[in-house]
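If you read the sequence from its start, that first residue is 1, and numbering goes on from there.
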Amino acid sequence: MSQEIGQSGMEFAQDLTEVPSVLRYSDILKVGSPLADLQYHTLIPSNGSTFSPQQQIRIPFNVPTDAFCNLKGAYIKMKVNNTTATASGATTPGKIALDPQAGIGAVIDTWRIHSGTGALIEEVQHYNAIYALMSNLTPSQHTQSSLNIQDGASEGALTQQSVCGAGSAGVVDESTRVSILRTESATFTHIPMSGFFQSDRLCPLGFATGTAYVEITLPSASTPFISDNDEASSIAWTISNVELHVPVLRMSSEFNNSFRQLLASGLPINWHSQSFHNVQTNIASGTGGSTTLTMATRKRSVKSVITLFRKSADLTDDNVDSVSARKSLGISEYHYSVGGLRMPSKNIACSTTDKGEVYANLVGCLSNLGNIYSGTGMNRDTFYLAADNGNVADKIAYALDLEAYGHSDVQSGKNLANQGLPLVFEANLGSADSANQAKTADILVDCYLLHDVVYSLDGVSGNISANA
């Protein structure tokens, strides 16, 4: 018996042995198959060259037949032109400044992608507001470098706050914000925060019917930028030189023929990603205390839910960072009801002296952005402020993780597709005017659902569709 145990131990030990990688001289780097030819395509709008506030920009995916697109490596480039009129008596040079959190992402009010047959594949309303929050949730070093260089976000990620009251001449300061002088222009680069773009799979757009296209709706003139408060004329700007840069891969004819045979068999090609769905409602002026907000949604796998509050009048104010000027409403505790189930069973507490729990739930449901221990662009002084009606805004957002199996490759979010009950946000709003902006102003409520989505290329019709 002891001999058998000894032999088993030896075999076990032998099974655990391995030649170190530094001694594997015979290992040869393998060649990728199928062989692919990479090119970079520059796509331009089909409906004009210069765009004004509230207009739409349509960029068709004019890619070669039988081509795959690496949309995760794509980016949008655009020029902002400051066309603000000369203001009589103005003592400042007429600068407009980008939103400190969202940068150039603030000019995208609604993001849509349509298939070649015109079907809506993706839609994110108020894209700029959720993009500003996502920027706040990335490490401050990312904002100080990448977002500052590409998007034009402010470099001081932790301390830079959005303005939500009367501006001052010092607000539009080149030392703290990326700004554009009157009659001048600046070019920015934006990586789309889109489920269709950020999938880990190559997109077979060259095998689809028709020509899919990106549609960007621009906001009102006062939404994405802020101006000096002594300007007598309103903000004015245009967008030009819009380009969508996309890496495009062309495979061999043998692979393309094999891929088309697979499609012709009727078997759909599927790939998974995550996207945001926006549901909006309002809180009337004079609201305080216990408040219930009801929102309808029918997504199949909701990974997390995020609720943002902004003053409605701020969206058209030249002196307010309309995109990122979020309000706390003096909320002391909150919870969600999802499909009739109260989550969590005990309210999430939050206040000027109790900020950790609401922050933990916000960061916890978005840890898919990276390691939560790497930090965010928020700190104790900027996350939840005592004066909700002051001149600077909170960075707070109210959120809850709904995913059963986090960091996994399975769909495990809350299924609201077959629920007859809506999504409900219940909170205790502040009673004082200074702590709760809803006591004196109408509030816009943006509820964003991060959900799983499966994109499909139908082999018979060639249509691309989204199943969420």
>> Closer than 3.5 angstrom, by distance alone: can the side chain of Arg112 be matched with the main-chain N or O of Glu123 as a donor-acceptor pair?
In response: no
Report, one line per pair, each donor and acceptor closer than 3.5 Å where one atom sits in a side chain of residues 140-147; sequence neighbours left out.
| residue | atom | partner | partner atom | Å |
| --- | --- | --- | --- | --- |
| Ser145 | OG | Gln141 | O | 2.8 |

> Taking only residues two or more places apart in sequence or in another chain, which ones pass salt bridge (charged side-chain N to carboxylate O under 4.0 Å, His left out) with Lys72?
Replying inline: Asp200
> Quick one: does Asn415's side chain have a donor or acceptor within less than 3.5 Å of a partner on Ala417's backbone?
Replying inline: yes
>> Taking side chain to side chain donor-acceptor pair (under 3.5 Å) as the definition, give me every residue that meets it alongside Asn379, ordered by chain and number, with sequence neighbours left out.
In response: Thr382
> Under the salt bridge (Lys or Arg N to Asp or Glu O under 4.0 Å) rule, what pairs show up with a residue in residues 352-365, not counting sequence neighbours?
Replying inline: none
>> Asp452: which residues meet the salt bridge (charged side-chain N to carboxylate O under 4.0 Å, His left out) condition with it, sequence neighbours left out?
In response: Lys303
>> Does the plane of the ring in His245 sit parallel, tilted or perpendicular to the ring in Tyr75? Use 30° and 60° as the thresholds.
In response: parallel
> Is the Tyr213 to Phe61 ring centre distance short of 6.0 Å?
Replying inline: no
> Do the two ring centres, one from Trp111 and one from Phe276, sit under 6.0 Å apart?
Replying inline: no
> What is the ring orientation for Tyr127 with His190, classed by angle as parallel under 30°, tilted 30 to 60°, or perpendicular over 60°?
Replying inline: perpendicular
> Between Ile113 and Ser194, what is the shortest heavy-atom contact and its length?
Replying inline: CD1-OG, 3.8 Å
>> Enumerate the salt bridge (Lys or Arg N to Asp or Glu O under 4.0 Å) contacts for residues 41-53, please, sequence neighbours excluded, ordered by first and then second residue.
In response: none
> Backbone N or O of Val424 within a donor-acceptor pair of the Ser337 side chain at under 3.5 Å?
Replying inline: no
> So, are Lys311 and Asp442 salt-bridged, with charged N and O less than 4.0 Å apart?
Replying inline: no
> Please walk me through it: do Phe196 and Tyr455 pass ring-ring contact (aromatic ring centres under 6.0 Å, His included)?
Replying inline: CA-CA 8 Å; Phe196 193 69; Tyr455 298 104; 5.1 Å; yes
>> For Asp318, give me all partners under salt bridge (charged side-chain N to carboxylate O under 4.0 Å, His left out), at least two apart in sequence or on another chain.
In response: none
>> Could you work out, with side chain to side chain donor-acceptor pair (under 3.5 Å) as the rule, every residue matching Arg58, not counting sequence neighbours?
In response: Gln56, Glu215
>> Going by salt bridge (charged side-chain N to carboxylate O under 4.0 Å, His left out), name the residues that satisfy it together with Glu333, two or more places apart in sequence or in a different chain.
In response: none
> Residues in side chain to side chain donor-acceptor pair (under 3.5 Å) with Ser275, at least two apart?
Replying inline: Glu122
>> Tell me which pairs pass salt bridge (Lys or Arg N to Asp or Glu O under 4.0 Å) where either residue lies in residues 271-293, with sequence neighbours left out.
In response: none
> Would Thr307 and Tyr336 count as a side chain to side chain donor-acceptor pair (under 3.5 Å) if you check the C-alpha gap in whole Å, the side-chain angles of each, and the deciding distance to 0.1 Å?
Replying inline: CA-CA 10 Å; Thr307 303; Tyr336 288 90; 2.7 Å; yes
Name the atoms and distances for all side-chain donor-acceptor pairs under 3.5 Å in residues 287-296, with sequence neighbours left out.
| residue | atom | partner | partner atom | Å |
| --- | --- | --- | --- | --- |
| Thr287 | OG1 | Ala284 | O | 2.6 |
| Thr291 | OG1 | Gly289 | O | 3.2 |

>> Is it the case that atom CG in Leu120 sees more than 12 heavy atoms from other parts of the structure closer than 6.0 Å?
In response: yes
